[in-house]
Amino acid sequence: MGDLLLPVIVFISVYVLISFELLNKAVAAILAVMLLVVLKTTEVRTAIGYIDFETIMLLMGMMAIVAVLRKSGFFAILSVKIAKLTRGNPLSILVLFSLVTAVISAFLDNVTTVLIMVPMVIEITRGMGLDPKIYVITQAMVSNIGGTATLIGDPPNVIIGSTVGLTFNQFAVYLTLPVSVSFIGVLFYCWFANRERFHTIDTNLAKLFSVQLLLEKIEYDFLDIPIDRAFLLKSLGGLGMALLLFVTQSITGLTPGVAALSVAMILFVITAADVEEMLREIDWSTLLFFSGLFILVGILEEKGGIEWIARNIFLRIGHNPYAMVMTVLWVSGIVSGFIDNIPFTITMIPIVRLMLESQAVPHNVLWWALSLGACLGGNLTMIGASANIVSCGMAKKYGYAINFFEFMRTSAIATMISLVLSSVILLAYMLILQ
Amino acid sequence: MNVNEREVLYKLIREHEEVMGVSRTTMVALESYRQALKNLKSIDNQTFKDLVIELNTLIKNTEPKIIPLTHLIEEFEIELQIYLENPFEQIRDHALRILSQKLARYENCIQGVIDHGMQVIEENDLIISQSSSLVIRSVLKRAHSELKRKFRVLILDQNFIRIKQLVKELSQEGIEFLVVPEYNLSHLLKTVTKLFIGAVSITPDKKIITTVGTANAVGLCHLNRIPIYLLANSLKFAHRMVSEQHIYRVESQRACDHLTYRYATYSHDQVDLNLIDHVITEKGEATIQK
């Protein structure tokens, strides 16, 4: 137990530092690792061995592919096309943008997705004299929901998939249903709770005229960049190739990390992109943070800390698989609303493994519960997910500050809806698939 | 439309005018009107008439008034009048057709100004421009590509959004240009040969409503006997005086270094038509009665 005290204190300190944003996340994690190495709690070689390089490679590869895609102007074209499709109808703006945000988030990083979609949503809604806040909150929430659907959509899934060895297809098969149902549920709630703001404008000629002018301006502003068609096609081809390799993982034997990083490097070569510029787009801070956390959790596991948490908290609920699934889903959902879901997921993986050792749960349902809880729970509060913070930050920049409680007024009920719907589907999986 | 929505629309039109110029804004507005009509849900005749009157009134009262658009909308109103007792779908079809004709007419006007405007550019000219005008951009490009004239452009920068398109198109066309802050023009006046300006409108009391900063450039060029060219189609001639052109004025309270003061800005300049040496319209050079 004496060996465990220092890693536990260091681990809790890192959680506090990053939860209250007292220190940069990467610095906090790496500083903690260095402290444990200096105090001889672990050795450098052992520490490095704890890093899950498959996860790091997948994240790095996807970040590089997204950097090339952004450079190609693809996202600008896409967002303008959607804006035009909405024809300025408030409900169409909500539904179409949410749908596209959710789908893009399923394949790309959520923060990247909201960085692309939210400015366009704000431009179009404020240009129509509407309050953009509800649209911004919805985009943040649906990006977290969409990201839950695939192995590469959200960091908790990347971590779960890479460390546990679940494939892209398994994620798609088991999570598409709960994610789709949650998406519909949350969107319906957002519309219903604010239905007086979504009146149609197709009987108001002046408003229709105003919207058309606005769409012209948006097209002018957002598409005022030279589009290199060859570059664009190569970038889209690269994304398509990466997705194909993920789907055919069982045939090619290539792990998602290898596939993503290989495609990224090939894209750098064939597009002749400025590599230095592309590398600057990669979020090295997040990758360092991941590496540090893997080491910290590895040390905690080595010293028996994870087993202690599992036995004294999660295994106390008994060996009922239904209770285990619900506990993991709801605990993950609520905790992820208040603390970063990345360290939480990394911490939970060995705990879930121990739970599975004590009682098997078929079809990886316990892992799906962790994924759904960690990803959907991020919607609970404004600080629950990076996409929420970034979206609210952008809204503030445009002069529409969204405070913690304003966000939670919509997000708390929406999160409960998505967790309840996920609970029902996970229980149905267990009943039907057993 | 309530007051807030009307303000949003007028701001939008001002923003269009600032980055695209009056001609392009007029064309975009006519096309937007057509699209709005297409997207309008089927309604009864009387409601349709009310909606058309509401929108036309809004368009004719923008801040500032976009005079070519106002003229074309007035023509549209008159021509649509005879169809207003028809069923909704028929009125809409006629409205769409008339608006298309107005758009085509306006494009012809612009084309005429460009055709005459490019003829005034001479070899080795150094032409000043600070406008986002579609006409001026096209005149410079076509004089270079079709007439093979060798000239340079001095772009006066007051607001980069306004000159962005000009900078972009001159770069693409390979026309030599230099951007200088508008307040530094005095250093370059000896080498300048022409000043090109555009207009939002030309009023009966001999005033030109034009881009902010133009009045200073015109004043300096006039004092230094540099020929000033106004490129404007005949639809820009307004029926009402400058005071009725709704130039947008904002007044606010400012605070700086413990001092507070009232601060006012105007969306456009007004320039005396008598300072202009040449007015180029779609029919050629117009004579100014001074």
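Residue numbers start from 1 in every chain, and the chains themselves are labelled A, B, ... in the order their sequence lines are given, proteins ahead of strands.
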B:Leu9 versus chain A, the contacting section by heavy-atom distance below 4.5 Å: both
Over 12 non-hydrogen atoms of neighbours within 6.0 angstrom of CZ in A:Phe404: yes
Note, A:Leu213 side chain near B:Ile13 side chain (heavy atom, < 4.5 Å): yes
Heavy-atom neighbours of A:Lys133 NZ exceed 12 at 6.0 Å: yes
Crowding at CZ, A:Arg87 (>12 non-hydrogen neighbours, <6.0 Å): no
Greater than 12 external heavy atoms within 6.0 Å of B:Lys41's NZ: no
Atom of B:Ala36, atom of A:Gln212 and distance for their closest heavy-atom approach: N-CG, 4.0 Å
Residues of residues 155-180 of chain B with any heavy atom under 4.5 Å of a heavy atom in chain A: B:Lys164, B:Gln165, B:Lys168
For A:Gly127 against B:Val8, the heavy-atom pair lying closest together: O-CG1, 2.8 Å
Gap between atom CZ of A:Phe209 and atom CG of B:Leu12 - 0.5 Å precision: 8.5 Å
Pairwise distance CD(B:Gln35) to CG(A:Leu208) - rounded to 0.5 angstrom: 10.5 Å
Enclosure of B:Arg6 CZ (heavy-atom neighbours >12, cutoff 6.0 Å): yes
Test salt bridge (Lys or Arg N to Asp or Glu O under 4.0 Å) applied to B:Arg24 - qualifying residues, sequence neighbours left out: none
Approximate separation, where rounding is to 0.5 Å, of A:Ile201 CD1 and B:Asn39 CG: 8.5 Å
A:Leu205 vs B:Tyr33 side-chain heavy atoms within contact, under 4.5 Å: yes
Residue selection (most heavy-atom pairs with chain A, distance under 4.5 Å) from B:Glu7, B:Lys11, B:His16, B:Glu5: B:His16
